[in-house]
Each structure stands twice: as C-alpha cells, then as structure tokens.
Amino acid sequence: MEQAPLEPERQLQPAPLEPLGSPDAGLGAAVGKEAEGAGEENSGVDTMTHNNFWLKKIEISVSEAEKRTGRNAMNMQETYTAYLIETRSVEHTNSQSVLTDSLWRRYSEFELLRSYLLVYYPHIVVPPLPEKRAEFVWHKLSADNMDPDFVERRRIGLENFLLRIASHPILCRDKIFYLFLTQEGNWKDTVNETGFQLKADSRLKALNATFRVKNPDKRFTDLKHYSDELQSVISHLLRVRARVADRLYGVYKVHGNYGRVFSEWSAIEKEMGDGLQSAGHHMDVYASSIDDILEDEEHYADQLKEYLFYAEALRAVCRKHELMQYDLEMAAQDLASKKQQCEELATGTVRTFSLKGMTTKLFGQETPEQREARIKVLEEQINEGEQQLKSKNLEGREFVKNAWADIERFKEQKNRDLKEALISYAVMQISMCKKGIQVWTNAKECFSKM
Amino acid sequence: MGTLGGAGLAAVVAAGRARTLRMESERPASQARSSGLPARGADGESPGGGAPFPDSSGSSALLQAEVLDLDEDEDDLEVFSKDASLMDMNSFSPMMPTSPLSMINQIKFEDEPDLKDLFITVDEPESHVTTIETFITYRIITKTSRGEFDSSEFEVRRRYQDFLWLKGKLEEAHPTLIIPPLPEKFIVKGMVERFNDDFIETRRKALHKFLNRIADHPTLTFNEDFKIFLTAQAWELSSHKKQGPGLLSRMGQTVRAVASSMRGVKNRPEEFMEMNNFIELFSQKINLIDKISQRIYKEERDYFDEMKEYGPIHILWSASEEDLVDTLKDVASCIDRCCKATERRMSGLSEALLPVVHEYVLYSEMLMGVMKRRDQIQAELDSKVEALTYKKADTDLLPEEIGKLEDKVECANNALKADWERWKQNMQNDIKLAFTDMAEENIHYYEQCLATWESFLTSQTNLHLEEASEDKP
C-alpha cells in the first residue's frame, strides 16, 4: 500500500509539546496582564522552546472514542460517544512524559466548557468545537454521528480544540479548563457553581444592542463584515469541494469495472490474456486508491471548517463590544439627561418636557425644600453616574485593547494555518498525481505487452 | 464481381494466410502501376506459403516517409510511377486529413504497413432538405493509382442509405467474410435532435473508418460495387442500385435463410464451434467495456463541470484576505490548469478509446451474422445430403447439386477462417493501441497536474525563504 509522502505536520495531528500554565491560576475575568509573544501553534514544525514561561510542559491528547449507553435527563436510554482525554506532564530536563491524568468526557461536556469560556473571556476569540453533526457531506460520507469515520474525525477535532486552548496565553491559565482535564466526577457541578449562565448576556439584549448602537469602534464593524465574508466563502468552498469529491470518486470507481471485465475477457484470449489480466489488476488498484485520497482531503476540509466556525467566535467578540458600547452610550445618555434635569431645577427653567414639569403646571410649583432635596438626589445620582461612566469607559477601552490584541494574535494564527492548509492541499494533490502516474504507467506497460 | 475468383481463393488455401496473398498482389500491382496495366492479381502465381516479404522493410520505410514528409518523396515515387499524373502525392497535404492521429490510424489498420494505393476520406457533412425529407450527405474523396479506376481522383457525395446499400452488397457477395460495421442508424438514448453536431461528427468518423477498412481488406477492396460507390455520380449510382436481384428473389433468399436457420446446424465443425464461443464471450465483454468507457467519459465530464466552479471561489476568497491573496490566487490558477488538463483527457478518451470500442461492439454483432450465414450455407448442403440419404426428392440431380454445395461450403469456410485470423490480429492491435493511448492520456494528465502543483509548492517555499531572510537583520 503506497504511503503518502511525509509532509509538514498538519495542525490537526497531536502536537508533542504544549506549554500550559501552572494550574493554580484563579477563576475570573481575564482583563489582566496578557502574556506577550504568545499565540503558540499546534503545529509540530515550530519549536516550542522560545516560550519558556512554564517549568512544566503538558501534553494533551484525546486518544480514544468509545460508544456508551446511559440514561439521559429524562431517564431514557441513549447512546453516546465518550472520548478519553489523557494528560501527560513532560519533565523539562529529560523530556520524558508521564501520564498524570486520564478521564472520559462526552461532547456535551466540551460544549459546557466552551460556553463557560465564552462568558468569562468575552474579549478572546474562543476556539470553536468541531461540528456537532456532519455537514458538507458527499455521498460516500455518512451523516450519521455514530459512523466510525465521523467519530474519528471528531476525536481529532476535539483534541485540536483542547490544544488550541492550552496554547492560548490567557485561556490556558483557566482553572475550570484545568479541572476539565483532571477532575472526572463533579466537574459539571463545579462549572455550574461558577454561575456563568447567569452572567451570560442575553441574546435579546445583544441583538438589541447590535441594532441600536451608534458609535461602535470601526474596527469591530469591519471585523464583523470580514467574519460574514469568511463564513460565506468557506461554506461555498466546502460545498463545491464536497461535490468535486463526489465526482472524483465516481471517476475512479468506474475504472474498477474494467478490472473485472478484463479478467473475464482474458480467459478467452491466448495472446492478449496476460496483458489484459494484469492491466485489469492495475485498474482495481486505481479504483481503490481514491478511498485514501479522499480520506486525506476530509482532513483538509476539517481545517477549513475550523475557520468557518471561528467566524462565529469573531462575531461573538464583536457582539460583546457592541453591547458594552451600547451600554456606555445609554449610560452617557442617562447622565446627560439627569444633568439637564438638575440644571433645569436649579435655574427654574423648564426647557424640556418632563413629567415633573407637567405636574408642576397642574399642581403648582413645589416648595424650595422639595426642590433642594430633589437637586441633591440628582446630584448624587449624577456623581454616581459619572463614576460609572468613567469606569465603563475604562472597561470599554480595556476591552477594546485586549480584544484587539487577541484578534491580532488570531489573525496571525489564521494566516499561518490557512496558508499551511492550502500548502497541504497542494501536497495531497501531488501525492494523488504521483499515484496516478504510477498506476497508469504500469497499466500502459501491460497494455503494450498485449 | 470483385472477388479474386477461384484461383485467388485457391492461392489463399495454399498459402494459408490472407496476408501473403495481399503482398503477392501488391508486387505485381506495383509493376502494373509503372506499366499502366489494368489487371490486378491476374497472375495468381503463388510463390508458396510463408514467403517472407523482401520488400517489407523498404516499403514500410517508404510508407512512413509518405505519412510524415511528403515533399521529399518525389524521387522515391518516380521509381513507381513513370506517369506522374497517376498519383500526385503532393496534393495529399491539403486534401488529406490533417490530424496526424487520424493519418496514423489509417496506416495502422494493418499490422504491417503495406503499400496503400487507395486513399479515401469522408468529410464535409451537408444537410439537404427536400419536400419529403431532410438528410445529410457526406463528401467522399478517393485517390488511387490503380489501373482499373478511370481516374486518379474522385469526389462524390453519399448519404447513409448509400452506405447501407454498399454493405448489403458486400454481404451478399461475400457472406462469410467479416464486413466492417457501419455506425448505427439511430442512437437509442440521449438524442434530442436527429442531426445534432456531435452525432454527425461521430458518424462521419465511423463512415470514414468503414470505407478505409474495406479498402484495406485484401478481398473486399476489389469489389465492384465498392468501386462504383466511390466513383459513380449520383444518378449513376441510383440506376446501378436498381439492377441486381429483384425484390422477390431477395425475399425468397430471406425466406430460405430463415427456414434453414430454424433447422439449426447439426454438424458445425469444431473450429467454428470455438469461433462461435469466442464471438459470444467477446461480444459480452466488449459490450461491457463499451458501457464502462461511456460511463467513465460521463463521470469525467461531471467532474470537469464541478471543477470549473472550484477555482473561482479561491479568487473570491482572496478579495477578503490581504495576507493570503497571492497564495489563494495561485491555488485558483493551479485548479484551473488542472481543469484544462481534465478537459484534454476527456477529449483524448473520446477520440482514442470510445470510437474503437464501439466499433468492436458493432463488429461483434457483425460476427454473429457471419456465423449465421456460414451456418446457413452448411445447412443448405446438409439438407440436400439428407434428401439424398432418405431419397426424399428426385435423386438424379442431387449428387451434382451436392457437389456444388460442398465446394460452396468449403470456400465459405476457408474464406471465413482466413478472414477470422486477420480480424483477430487487427482486433488485438486496435484494442491494444486504444487502451495504450488511454493510459498515455491519463499519464499525461497526471503529469501536467503534478507539474502545476509542484511549481506552486516551490513558489510558496521560495516566498517563505524570502520572508525569512527579510526578517533577519
């Protein structure tokens, strides 16, 4: 069986060494110091040694997948797949790895982890999970979640997900992430106890903000457009690729029929018989070679899919910005109106329509004491408001600064990864061509000997 | 009528190989050319079986030269043709089919490059509309140096019906020779319009092959009807067609044929049993191969259609990625180049493989017909023998009739045997060539794609090195 030529490691292969922060980092919003020079890749080609923050290095792998049956929340029997996560710590001195933890998780727990990270790190482009259901399938691939090929590709995707988190300078320090890798039972409870679901912004609020915000940072607006374009073009690409794969499969497989017929024909031919028979064998080889070729291409498709899903992660960061900006704008507006009210009360002029103004007209002016009291209340509120606005402003700016730093990191990662993916695609094509040349050269020799 | 006559056939029997006969008739013919003698093969002396072909290397070299470099051949040709007007070789270049592939196809009909003296092309399909019908005629140009032709060049127009007539006449005259097949009357499926361009072109090529195969056949090439077909004007042909056995006698023949085939053949000789088995199996296999090949063509076309869309998406993508513009555009252009290579592969398949395989599908049907006709001839004999044995009819004339029929059967069997060997040889060569060409097309396709992607990789690596060196202080 011909082997594919050695190629630069694609990022979906388990990387041997990953830096991981010391596991005792506390919980909390990571509006904190960011590690510089980060953005470690999963690619095994780059050496990891220039990131020397941590004394210990940890290897993570999702090594197995297993079918399980159990009872779900409604006490009904269900079948699901569990994945084995193994963590090894690598001694800095002698690079020997020791298994430190191993536990089983299912897809829904990965989803939980990600939801948590989205809430607590809204300024980070959180790595996406591999798809829940098989999409962009071509006819040979099944859309069944239990299909072994799908499960295998998902295993790789989940491993990639964990490696991306582990190599992120901020996310890698998260305790819940650490516990995900180490605490088998009770992890779910631990996550839920953080109360992250409550902290999550409601979708409705976010939608509202998107429509109403007046001055979002232009860079985020552009980023949103970019992520829409990215999603649309990659979807299109994946769809066409699936169709091309389908057709290619057809071309190769039909040639297999030659094998059978040649072999039957060779039985009645004296001189041509041998040539026909051996040529037929090569046709069979040709026809069956497509399976491996398309299997490899599926990995390429998965690399593209990851960035398809990253587009959503980008949009999530943009949404958070819009929300914060909207919040800020609302606070500023509120403050401005309070100030105005205060001014009106102080000077006695009623420039704007207000309920107070109406009641004053109807029921007569209030007493100076009442007015004083109200002014005092307003002034307090204004003070508070100003403080809040200041801190919101600060928060907003911090958010923009940190988010943009991560987005820059993401951009570099994306450029590297996509370029590598495209190159690996070329390598695959080259391998396919070489196989084709070999088979047809052999066949031609057989034909010419007939 | 166009056959070599008893003497010629006897020479076949003696020599045992049709090819020998052909070469024998060639050499006297070449003398005939220079001396202008009309008769061909009249001196049926056979130099004995298995004679080597002393001229073969020389004539083959000459033939190669004819194909490839016509201008320089004038000196060689003068040896054969004192009368320059008989064959103006230089006029070949513009008139003959220009594609080298089809010229080589013409030459490679025989396993040995014999000296051809009859060149036929079929081209220029034209539509004719009358009040009754619409039909297509094809222009047929014949160039020859043979004495029995009144001229050295002929141009006529023929329609499919005329080809059918010719085939019928050949079958009549040589019931147990393997007559080349005609393209089908209609294509069963996928025909929107009776005369779409692809159909006409495919048919034209097949008709061209049909006539050339006849021209290359040692016996059929001298058939009188064939000559008339190539040379007669339209009205001459019509009047000639009306001659010959009338409708009633033809019907009578058919009835006798059906009756005898129903009687069945009791004593088919062993070798013909083998032949029959081969034909049945061959027919099955070649039909399958025809289907498979057509299917491959279809799949390749579908693949090509999808690929056309694939490249442009990368260009679209490059519009939103500043840092990946070059890479994406390069990928797009690689995909487009591979697309073109696919197109070329498809057309190679449709030129080299599909027509050959299809012709042999039709041949296999022909062969079954030939077997039947041979069986009929034998059945006639068998029935007379039976009559004699059981004294059914008037027994006085029977022995003489039986004698004649025995000769007839022997001739028929020998003709078929000889032609069978020739046909098998041709078949092997044609199939071998067709599949070798197909393999070559595929190799070329993959080589082109390989080069495309490898140059992409090199350019990416070079870029990478450039960038790396830029980073260094």
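Quick caveat, the model's predicted, so the values are computed rather than measured. Naming convention: chains lettered A, B, ... in sequence-line order (proteins, then strands); numbering from 1 in each chain.
In this structure, the portions of I443(B) lying under 4.5 Å from any heavy atom of chain A include both its backbone and its side chain. In this structure, chain A has heavy atoms under 4.5 Å from both the backbone and the side chain of S293(B). Contact annotation for F456(B): only side-chain heavy atoms (C-beta onward) come within less than 4.5 Å of a heavy atom of chain A. Both the backbone and the side chain of I296(B) come within less than 4.5 Å of a heavy atom of chain A. Within the 4.5 angstrom heavy-atom criterion, no atom of Y297(B) approaches chain A. Both the backbone and the side chain of Q428(B) have a heavy atom closer than 4.5 Å to some heavy atom of chain A.
A heavy-atom distance below 4.5 Å is found between the side chains of R243(A) and E309(B). The shortest side-chain heavy-atom distance between I286(B) and W265(A) falls under the 4.5 Å cut-off. Put simply, the side chain of D246(A) does not reach to within 4.5 Å of the side chain of Y303(B), judged on heavy atoms. Using a 4.5 Å heavy-atom threshold, the side chains of Q429(A) and E454(B) count as separate. Between I234(A) and W317(B) there is a side-chain heavy-atom pair separated by less than 4.5 Å. No side-chain heavy atom of K253(A) sits under 4.5 Å from any side-chain heavy atom of E299(B). You'll find the side chain of E445(A) stays beyond 4.5 Å of the side chain of T436(B), heavy atoms only. Side chains of D437(B) and F447(A) form no contact here, defined as non-hydrogen atoms less than 4.5 Å apart.
Residues V240(A) and E306(B) share a closest heavy-atom pair of CG1-O, 4.0 Å. Scanning all heavy atoms of the two residues, the minimum distance from T327(B) to K419(A) falls at OG1-CE, 3.6 Å. Considering all non-hydrogen atoms of both residues, S320(B) and E229(A) come closest at CB-OE1, 3.0 Å. V261(A) approaches K285(B) most closely through the heavy-atom pair CG1-O, 3.8 Å. For C433(A) against L450(B), the heavy-atom pair with the smallest separation is SG-N, 3.7 Å.
Between atom CD1 of residue I313(B) and atom CZ of residue R239(A) there is a gap of 8.5 Å, rounded to the nearest 0.5 Å. Taken from NZ in K291(B) to CG in N257(A), the straight-line distance is 11.5 Å, to the nearest 0.5 Å. Atoms CD1 and CD, on I268(A) and E274(B) in that order, are 12.0 Å from each other to the nearest 0.5 Å. Residue D330(B) holds its CG atom at 10.0 Å from CG of L422(A), rounded to the nearest 0.5 Å. Rounding to the nearest 0.5 angstrom, the gap separating the CD1 atom in I430(A) from the OG1 atom in T452(B) is 9.5 Å. Annotation: the span from N415(A) atom CG to L324(B) atom CG amounts to 4.5 Å, rounded to 0.5 Å.
Atom CD of E412(A) sits in a sparse spot, with 12 or fewer heavy atoms from other residues, nucleotides or ligands closer than 6.0 Å. Heavy-atom contacts from other residues, nucleotides or ligands closer than 6.0 Å to CG of D274(A) number 12 or fewer. By the neighbour-count criterion of 12 heavy atoms within 6.0 Å, atom CZ of R337(B) is densely surrounded, having more than that number from other residues, nucleotides or ligands. Within 6.0 Å of the NZ atom in K329(B), the count of heavy atoms belonging to other residues, nucleotides or ligands does not exceed 12.
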How far apart are the C-alpha atoms of Y446(B) and V439(A), what are their side-chain angles, what is the distance that settles it, and do they pass the side-chain contact (heavy atoms from CB on, under 4.5 Å) test?
CA-CA 11 Å; Y446(B) 281 113; V439(A) 165; over 6 Å; no
Steps toward side-chain contact (heavy atoms from CB on, under 4.5 Å) verdict (I289(B), F262(A))
CA-CA 9 Å; I289(B) 291 183; F262(A) 281 175; 3.5 Å; yes
Is there a side-chain contact (heavy atoms from CB on, under 4.5 Å) between K432(B) and E271(A) once you walk through the steps?
CA-CA 11 Å; K432(B) 172 172 149 178; E271(A) 291 128 24; over 6 Å; no
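Between E300(B) and R247(A), no side-chain nitrogen of the basic residue sits less than 4.0 Å from a carboxylate oxygen of the acidic one, so the salt-bridge criterion is not met. By the 4.0 Å N-to-carboxylate-O rule, E321(B) lies close enough to K414(A) to be salt-bridged with it.
Highest contact tally toward chain B, considering only M432(A), H282(A), H236(A), is held by H236(A) [criterion: heavy-atom pairs under 4.5 Å]. Ranking K424(B), Q460(B), K298(B) against chain A, the residue ahead of the rest is Q460(B), based on heavy-atom pairs under 4.5 Å. Ranked by heavy-atom pairs shorter than 4.5 Å toward chain B, the options E264(A), K411(A), K449(A) are led by E264(A). In terms of heavy-atom pairs under 4.5 angstrom with chain B, the leader among T441(A), L237(A), L230(A) is L237(A).
Checked against the 6.0 Å centroid threshold, Y445(B) and W440(A) do not count as a close aromatic pair. Aromatic pair F435(B)/Y258(A): ring centres closer than 6.0 Å.
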